[in-house]
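Just below is one structure, and these are the notes that go with it.
In this text, all values refer to a predicted model and were calculated from it rather than measured experimentally. Values below: all heavy atoms of this structure, side chains included; hydrogens, waters and symmetry mates excluded.
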Amino acid sequence: MLNIAYGISVPSTDVDPNLQGTVMPQGDFGDGDIVHAASNEAAAMRPLGMDDIEAVPHADSEINESRIVGIVNQLLLDALRRGATDIHIENERRQVAVRYKLDGLLYKMKTPLHKDNVDEVINRLKVMATLDISERRSPQDGRVLLRTLRGGRDYDVPFRISILPGPYGEEIVLRVLDKSMAPISLELLGFTSHDLKLYRRLIQNPQGMILVTGPTGSGKTTTLYATLKEINSPYNKILSAEDPIEYNIEGVNQKQISEKFDFADMARAFLRHDPDILLIGEIRDEDTADVACKAAQTGHLILSTVHTNDSVSTISRLNVLGLNHELIGSSLLGVLSQRLVRRICPKCTEAYEPDAEALETFGEFAPTGPFQHGAGCDYCSRTGYRGRIGIFELLIVDDEIQRMISEHAPLDAILEISLAKGMTPLVYDGLRKVEMGYTTLEELNRVVPYRQIAMQLKRKAKYLTDEPKKEATEIVEGGIGAVADIILPPGDATN
């Protein structure tokens, strides 16, 4: 009944402190793999990179302390079971709100956290992250490592923790960095076979700059990690500057930037280490952009991210950062713009009729149906969605587009030429996936701004006849459909 009421196990004061509750596997765990909470005595929680240490007592009694430890343990385990990417603990005036981010959206959860115990829970998390429990007025950042058991062996799941002071107490956000989720293969991101072939050809270049664009939370880092996994080999020296390092990749020299050593400083230092490939976490200022472009011209392949709405506007963004058009045109190989849309739950898929408003947004370009959506079940927590899939827009900078960039051609003209050469706009890639039953029109309407939808539909229409539309559908069936059994259902570890 406590599980039903709260959605989380609440250990009583007289239970075994080992807390041996199983957690449902997430993603590609095998059928025989289950996750248990390791015993407190065996150091179920320990700070990242530290030897086993005992938690500092912060309660008046051992019984109460054991209860707080149990609440924290089960809070983290429940997030893993549900497949959450973030845990938000928010101190409000009269209550404590706990929200999980599932597939990009926040959902409020019922938990045993309340105003009487939230300070002790925050102290427990600080102890686990080796932070200062006496500091309550300044932001703090750290990492927590949850040691679990999977298949009889230790399986560590890191959490990145950020603490901010608020008007009613401290607030915490925990980012789940489950190592089983990244890096993944390019085939599982959601590329069509046509775009995947072009992107693979692009990343095989020995030098130049490739940028991945999109808002925060659009999967840019996952795409870059999948790219590194694709091109990683003993014959290449790969260096990456990240903020923060979310996943460790074997064979890649990953470095954490700091206030004294930013992306530009790290990139300059990298150039003295004879690299072949450089990953720069984000181009956010003129100094970093200048170093990245010049490195791309001196025999290095540069991978990075920029915050722009679409692929073509990245050219303008680099110019705003201080790069001249000649430098941009000569160094830029391609731009991949992307978003993440929620996938329809494979367990409760059913036919339905979309909202009239969603159909009106896409007008004559909306698929004719039949349409699919998720009715809601236990597997998807009654949301109708489970997991996410990418929608992409890949701009290839060929000789003609390079010349147009160098000659300061308007972005509209560059976009027209790119569409005429076969570039698939973001919205059209999303409509393909709606037609194939991977997502819904409502979800596509939520993720892509209306202004961008109207602009792309209007411009691309003149370059699409009935035959190319048919051909595009065949590309999807040959690309995404070929791995549909891996993308949609819960695949096992061997797949």
Side-chain angles (χ1 to χ4, degrees), residues 183-214 218-233 235-240 249 252 275-283 289 292-293 295-306 308 310-315 317-318 323 327-339 390-406 414-415 417-426 428-429 472 475-476 478-480:
I184 62 176
S185 301
L186 287 174
E187 290 90 346
L188 302 183
L189 296 180
F191 282 105
T192 62
S193 59
H194 175 69
D195 284 348
L196 180 58
K197 182 179 179 180
L198 289 177
Y199 187 69
R200 276 185 163 148
R201 188 180 303 165
L202 194 67
I203 63 178
Q204 294 302 323
N205 279 279
Q207 67 181 64
M209 183 165 63
I210 301 171
L211 299 177
V212 181
T213 75
S218 60
K220 300 187 298 295
T221 301
T222 300
T223 298
L224 286 179
Y225 280 163
T227 302
L228 287 183
K229 182 179 180 181
E230 179 85 10
I231 61 180
N232 190 9
S233 78
Y235 306 105
N236 290 327
K237 177 70 176 281
I238 304 177
L239 300 172
S240 76
I249 307 175
V252 178
D276 298 298
I277 301 168
L278 295 179
L279 187 152
I280 301 174
E282 181 184 349
I283 295 179
C293 277
Q297 291 186 313
T298 55
H300 307 89
L301 180 64
I302 307 299
L303 304 173
S304 190
T305 67
V306 182
T308 56
D310 55 41
S311 56
V312 176
S313 62
T314 303
I315 299 168
R317 174 62 177 162
L318 292 176
L323 300 181
L327 186 59
I328 297 172
S330 61
S331 59
L332 192 62
L333 293 175
V335 182
L336 180 70
S337 179
Q338 68 177 69
R339 301 288 190 279
I391 58 175
F392 301 95
E393 175 183 292
L394 180 59
L395 169 67
I396 302 294
V397 180
D398 58 12
D399 292 342
E400 185 177 2
I401 295 179
Q402 177 183 344
R403 177 182 55 79
M404 294 179 70
I405 295 173
S406 300
I414 296 175
L415 177 59
I417 293 296
S418 301
L419 294 175
K421 289 176 177 288
M423 183 183 78
T424 303
L426 202 66
Y428 268 79
D429 194 43
I475 288 172
V476 174
I480 299 178

Are there more than 12 heavy atoms of other residues, nucleotides or ligands under 6.0 Å from atom NZ of Lys421?
-> yes
Working for side-chain contact (heavy atoms from CB on, under 4.5 Å), residues Gln297 and Leu327 = CA-CA 9 Å; Gln297 291 186 313; Leu327 186 59; 3.0 Å; yes
Smallest separation among heavy atoms of [X] and [Y], with atom names:
| X | Y | result |
| --- | --- | --- |
| Ile203 | Glu230 | CD1-CG, 3.8 Å |
| Gly281 | Thr305 | O-OG1, 2.7 Å |
| Cys293 | Met209 | SG-CE, 3.4 Å |
| Ile315 | Ile328 | O-CD1, 3.8 Å |
| Ile302 | Ala295 | CD1-CB, 3.8 Å |

Rounded distance [0.5 Å steps], [atom1] in [X] versus [atom2] in [Y]:
| X | Y | atom1 | atom2 | value |
| --- | --- | --- | --- | --- |
| Leu279 | Leu224 | CG | CG | 5.0 Å |
| Thr223 | Leu303 | OG1 | CG | 11.0 Å |
| Asp276 | Gln207 | CG | CD | 11.5 Å |
| Phe191 | Asp429 | CZ | CG | 9.0 Å |
| Glu187 | Ser193 | CD | OG | 11.5 Å |
| Leu186 | Thr227 | CG | OG1 | 5.0 Å |

[X] side-chain N/O to [Y] backbone N/O, donor-acceptor pair under 3.5 Å:
| X | Y | answer |
| --- | --- | --- |
| Ser185 | Leu188 | no |
| Asp398 | Glu400 | yes |
| Glu393 | Ser311 | yes |
| Ser304 | Leu211 | no |

Only residue of Ile401, Leu415, Leu336, Thr213 satisfying side-chain contact (heavy atoms from CB on, under 4.5 Å) with Leu395 is Ile401
Checking side-chain contact (heavy atoms from CB on, under 4.5 Å) for the pair Gln204/Ile231: CA distance, chi angles, key distance, verdict?
-> CA-CA 7 Å; Gln204 294 302 323; Ile231 61 180; 3.9 Å; yes
Take Asn205 and Leu202, measure what side-chain contact (heavy atoms from CB on, under 4.5 Å) needs, and give me the verdict at the end.
-> CA-CA 6 Å; Asn205 279 279; Leu202 194 67; 4.3 Å; yes
Check the pair Leu301, Leu333 against side-chain contact (heavy atoms from CB on, under 4.5 Å), reporting the backbone distance first and the verdict last.
-> CA-CA 10 Å; Leu301 180 64; Leu333 293 175; 4.1 Å; yes
